[in-house]
Amino acid sequence: MTTGSQQFGVDEVEDSPRILTLHWEKTGAFEPRYGAAETSWVVQSWGPSRCADEFSSVLRAGDPQVSVIREDVSAASAGASPVPGDDGREQRYVFFIDETPPLADLDLTGKRAWAWAHAVVRACQHVASRPGARLWIVTRTGLHGPRRGDTVRPEQDFAWALGRCHAAESPDSWGGLVDVSVDDPRTASEMLAAYLLSGSSEDEVLLHNDGPFVARLTASMLPPPASGQGISMERLHIVSGGVMGLSFEIERCLARSGAKRLLILGRTPLDDDRKRNLRRLQSMGCTVDYEVLDVGDPEQVRRLTARLRGEAIGGVFHLASHWRAGGRSCVASLQSATPDQTQVLIGAKANGALLLSELAEELEAEALVLFSSAAATLGSPGQANYAAANAVLDGVARRLHGGRVRPVSIAWGPVGEVGFGATREGADLHESWERLGLRRLTVDQVLSTVSMALSQDEPNLAVVAWDDSALAALPWFRERPVLEPLADVEPVGLSLEHLSELEDGRRLEFIVEVIQGHLAAMLSRAPADVDPDQPLLDMGIDSLIALELLFIVDREFAVRLELHEVLVDTDATLMMMAEKLDERIRSSDQPILEGGRR
C-alpha cells in the first residue's frame, strides 16, 4: 500500500449485520428424462447463439415428436415472443443471451446497448402471463470467476437479478438461471438439455467444463478489517452520487479518516444545502471539488478520465442512482416494468458502474467500491427493474477481481436515516420489510462494512440485517435451493389446524378474521374498521401492503398467491380473497409439511 495508507471507516458497531456470499457447489450430472412429447419448447436468443442452435437440435434428437420453435428475437419487431399453437402441450421457454456483444463495444447511450435486456423483461412478462408456461434464462457472465481469455459480460448479471425477482413474484412460471462456461457449444447444449429435462428444482446452475455446479448463499458475521489494509488518504478519492444522503456520509467518513482531496460527481448543481455540506467537508481539512457530471454518459466520464490522467487515485466510490422520472418512481414489479422506466434505472446505476470501472482501470485506482442492492442477490417482488440494474455492479466487480484495481460491490439491505430511506416512499417500504423481520441498516453499520470490505479480497458481498425468524416469513426462501442455507424454515400454515376443526359455516369467517387483524395493523386501523366487503384498493392498499399481505397469507394458510391476484382486480375484497383461499385449501390434497404450501 502507498505511504499514508489508513483504515477507512468507523469503530465496529454492536448488533452487526450479516454478510451473504454466493458459493458454487459441484453436483452430479443431471439425468434427462426424454419422451415428453406433450411439451412445446420455445428456444429464443438475442442475436445468434450457437448454444441455442445446438440445444434445439439436441431436443429434437432426443424425441422427434417434440415441438421446438427456434427464433432470434433481435430480428423480430420489438423482440416480441412467439406464441406457440394452442396444442395442449406444456410450454417451456429458454431465452439465450450468451452471445450478446459486450457493452464495452457499444455506445451505452444508444438504443441498441440494452435492447437485449428489455427483451428479457418482455420474455418474463410474456411467460408469467401464460398459464402453465415456464422460463429459463441462459447467460455467459463468468459468474464462477472468469477464466483467462474469457469474454466477460458483467452486464448479463441484469438477467440474473431479474430472474430472482421473477421467482419471487411469479414462482409458478419460473424455471431457472443457467450460466454457461463450456468451450464446446454442443457439449454445453447437451449439459443444458440434461438439466432442463431432469426436472431438477435447482434454479441457479453453472454449466462448466468440469461439470455442473449449483449456487448456494451462505451467511456469516462481519469479519474485522484486516490489519494494515485500506486506501491511501494522500491520494485523490472520487465519489459519485452528489453531496447529499449516503454519498455525503461516505465523503464525511473519508475526510474524518484523513483524506486530503475529494472529487464529488453529481447530476444536480450546487444549491444551499449542498454548499453547506461542502463547507462541512472543507472544515475537516479536506480539499473538495464538485463537478456536475452524469456518470452514465460515456463522453462525460471519458473526458474526466483524460483530464485526470497522471493523478494518483485512491478509491472510486460509485453511489449514483437515478430512479425517478417526471416526479414518479421508476421502480416497478416484473409485470408492470416498462422499457422507459428500466432505462432510467440502468442509466446512472449500471452504465455508471461500467464507465467508472473503465476510469478506475485506466487511472490505476487503488480500489473501486460499488453500492448495489440486496434485492439483486435475493430477489425482491415489486422491485424487478431496480434489482436488475443494481446487479450489473456485482458483475463489474467480479470482472475486475484479480486485476490492478481492488474491487468490491456491496449489495445493501434497506438503509435507514439517509437517501431513499429518508424519503416517505423509502420509509414505507422499509417499514413493510421490518414488519417481516428485515431490519434497516444504520449509517454506522454501512461505514463499518465498507471499511471491512476494503481490507478483504472478496468482490461480491451482500449485507443484510434480520431477525432470526425473518427469512422463514419470505415464501420464496422456502422454495429456492440457493436460499435454503439462510433460513431455518419454520412450518407454514399456522392457522390451518384450527381451520380444519371448524364447521363449514365458520371457515370463511375465521379466514377473514385472521387476515383482517393483520391488515388492520398494516393500515393503522382497528380490525372492526376493515370492512370485508370493501374493495381492497379503496382501503388504500398499495403494492407494498399487497406484498406484505401475500406473506401473511402464506404464513397463516400455506397458500401462495401472486401479487397480481391482489392488485389486478379493482373490485377484489377481503371476503373474495377469503373465498379464494378456502377454495384453494379445500381443493388441495397434498399434506402440509414443513415449508410446504397449497
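Remember, it's a predicted structure, so these values are computed and weren't measured experimentally.
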- E54 versus S189, side-chain donor and acceptor atoms under 3.5 Å: no
- More than 12 heavy atoms from other groups under 6.0 Å of CZ on R50: no
- Query: Closest approach of C124 and L135, non-hydrogen atoms and distance?
  - Reply: SG-CD2, 3.7 Å
- Side chain of Q125, backbone of L334: donor and acceptor closer than 3.5 Å? yes
- Starting from the C-alpha separation in whole Å, work towards a yes-or-no answer on salt bridge (charged side-chain N to carboxylate O under 4.0 Å, His left out) for R480 and E204. CA-CA 9 Å; R480 303 189 58 227; E204 294 197 14; 2.7 Å; yes
- Task: Any chance you could measure M452, atom CE, to E458, atom CD, to the nearest 0.5 Å?
- Result: 9.5 Å
- Task: Output the distance between atom CD (E169) and atom OG (S336), rounded to the nearest 0.5 Å.
- Result: 7.5 Å
- Query: Is there a donor-acceptor pair closer than 3.5 Å between any side-chain N or O of S49 and the backbone N or O of S45?
  - Reply: no
- Polar contact flag, side-chain donor to acceptor under 3.5 angstrom, H498-S500: no
- Query: What distance do E202 atom CD and Y195 atom OH have between them, rounded to the nearest 0.5 Å?
  - Reply: 7.5 Å
- Determine the interplanar angle of the F96 and F55 rings, folded into 0 to 90°, and report it as parallel if under 30°, tilted if 30 to 60°, perpendicular if over 60°. tilted
- With D157, which residues qualify under salt bridge (Lys or Arg N to Asp or Glu O under 4.0 Å), at least two apart? R398
- Task: Could you tell me whether the side chain of T338 and the main chain of Q341 form a donor-acceptor pair under 3.5 Å?
- Result: yes
- Item | Exam field: side chain N390 to backbone Y386, donor-acceptor pair closer than 3.5 Å | yes
- Query: Does the pair E155/R399 count as a salt bridge with the N-to-O cut at 4.0 Å?
  - Reply: no
- Report yes if the side chains of V396 and L368 come closer than 4.5 Å at any heavy-atom pair, otherwise no. yes
- Query: For the side chain of S56 and the backbone of A52, is there at least one donor-acceptor N/O pair under 3.5 Å apart?
  - Reply: yes
- Determine whether the side chains of H118 and Q343 contain a donor N or O and an acceptor N or O closer than 3.5 Å. yes
- Item | Aromatic ring proximity F371/W412, centre distance under 6.0 Å | yes
- Task: Take W114 and N351 through the test side-chain contact (heavy atoms from CB on, under 4.5 Å) and record every step on the way to the result.
- Result: CA-CA 10 Å; W114 291 96; N351 287 350; 2.9 Å; yes
- After noting the C-alpha distance and the side-chain angles of V408 and N460, does the key distance pass the side-chain contact (heavy atoms from CB on, under 4.5 Å) rule? CA-CA 6 Å; V408 61; N460 296 144; over 6 Å; no
- Does K349 reach the main-chain N or O of V344 with its side chain, forming a donor-acceptor pair under 3.5 Å? no
- From CA spacing to verdict: salt bridge (charged side-chain N to carboxylate O under 4.0 Å, His left out), D210, K26: CA-CA 9 Å; D210 296 333; K26 188 77 163 58; over 6 Å; no
- pair V42-V94: side-chain heavy atoms closer than 4.5 Å: no
- Item | Shortest non-hydrogen contact from P339 toward R122 | CG-NH1, 4.5 Å
- Give a yes or no answer on whether the side chain of S170 reaches the backbone of S173 with a donor-acceptor pair at less than 3.5 Å. no
- Shortest non-hydrogen pair, A387 vs A161, comes out as O-CB, 3.4 Å
- Message: Return the CG to OG1 distance between L22 and T218, rounded to the nearest 0.5 Å.
- Response: 8.5 Å
- Grab the two heavy atoms, one from L574 and one from L536, that are nearest each other, plus how far apart they are. N-CD2, 3.8 Å
- Compute both the distance and the angle, then confirm whether R18 meets the cation-pi test with W466: under 6.0 Å from the six-membered ring centre, within 45 degrees of the axis. yes
- Given side chains that start at C-beta, do those of F158 and I346 come closer than 4.5 Å, heavy atoms only? yes
- Task: Report the C-alpha distance between E31 and R33 in whole Å, list the side-chain angles of each, state the deciding distance to 0.1 Å, and finish with yes or no for salt bridge (charged side-chain N to carboxylate O under 4.0 Å, His left out).
- Result: CA-CA 7 Å; E31 296 296 330; R33 293 180 290 186; over 6 Å; no
- Taking D98 for its side chain and R140 for its backbone only, find out whether a donor-acceptor pair lies under 3.5 Å. no
- Query: Would you say the side chain of R164 lies within less than 4.5 Å of the side chain of L162, judging by non-hydrogen atoms?
  - Reply: no
- If you look at every heavy atom in L441 and P17, which pair is closest and at what distance? CD2-CB, 3.6 Å
- Query: What are the two closest non-hydrogen atoms of D72 and W46, and how far apart are they?
  - Reply: OD1-C, 4.0 Å
- Using modelled atom types only, decide if a donor and an acceptor are shared between the side chain of N385 and the backbone of A332 within a distance under 3.5 Å. yes
- Parallel, tilted or perpendicular: rings of F213 and H208 (30°, 60°): perpendicular
- Apply side-chain contact (heavy atoms from CB on, under 4.5 Å) to T100 and Q156, showing your working. CA-CA 9 Å; T100 57; Q156 289 189 5; 2.9 Å; yes
- Partner set under ring-ring contact (aromatic ring centres under 6.0 Å, His included) for H166, not counting sequence neighbours: W174
- From OG1 (T141) to CG (L206), nearest 0.5 Å: 8.0 Å
- Query: For D203 and W136, does a side-chain donor sit closer than 3.5 Å to a side-chain acceptor?
  - Reply: no
- Spacing of L59 atom CG and R70 atom CZ [to the nearest 0.5 Å]: 11.5 Å
- Message: Checking the side chain of H318 only, and the main-chain atoms of S372 only, is there a donor and an acceptor separated by less than 3.5 Å?
- Response: no
- Message: Run W160 and D394 through side-chain contact (heavy atoms from CB on, under 4.5 Å) and show every step you take.
- Response: CA-CA 11 Å; W160 276 67; D394 303 332; over 6 Å; no
- Message: Does any part of the side chain of L378, heavy atoms only, come nearer than 4.5 Å to the side chain of L217, both counted from C-beta?
- Response: yes
- Going by heavy atoms in the side chains, are V559 and I585 under 4.5 Å from each other? yes
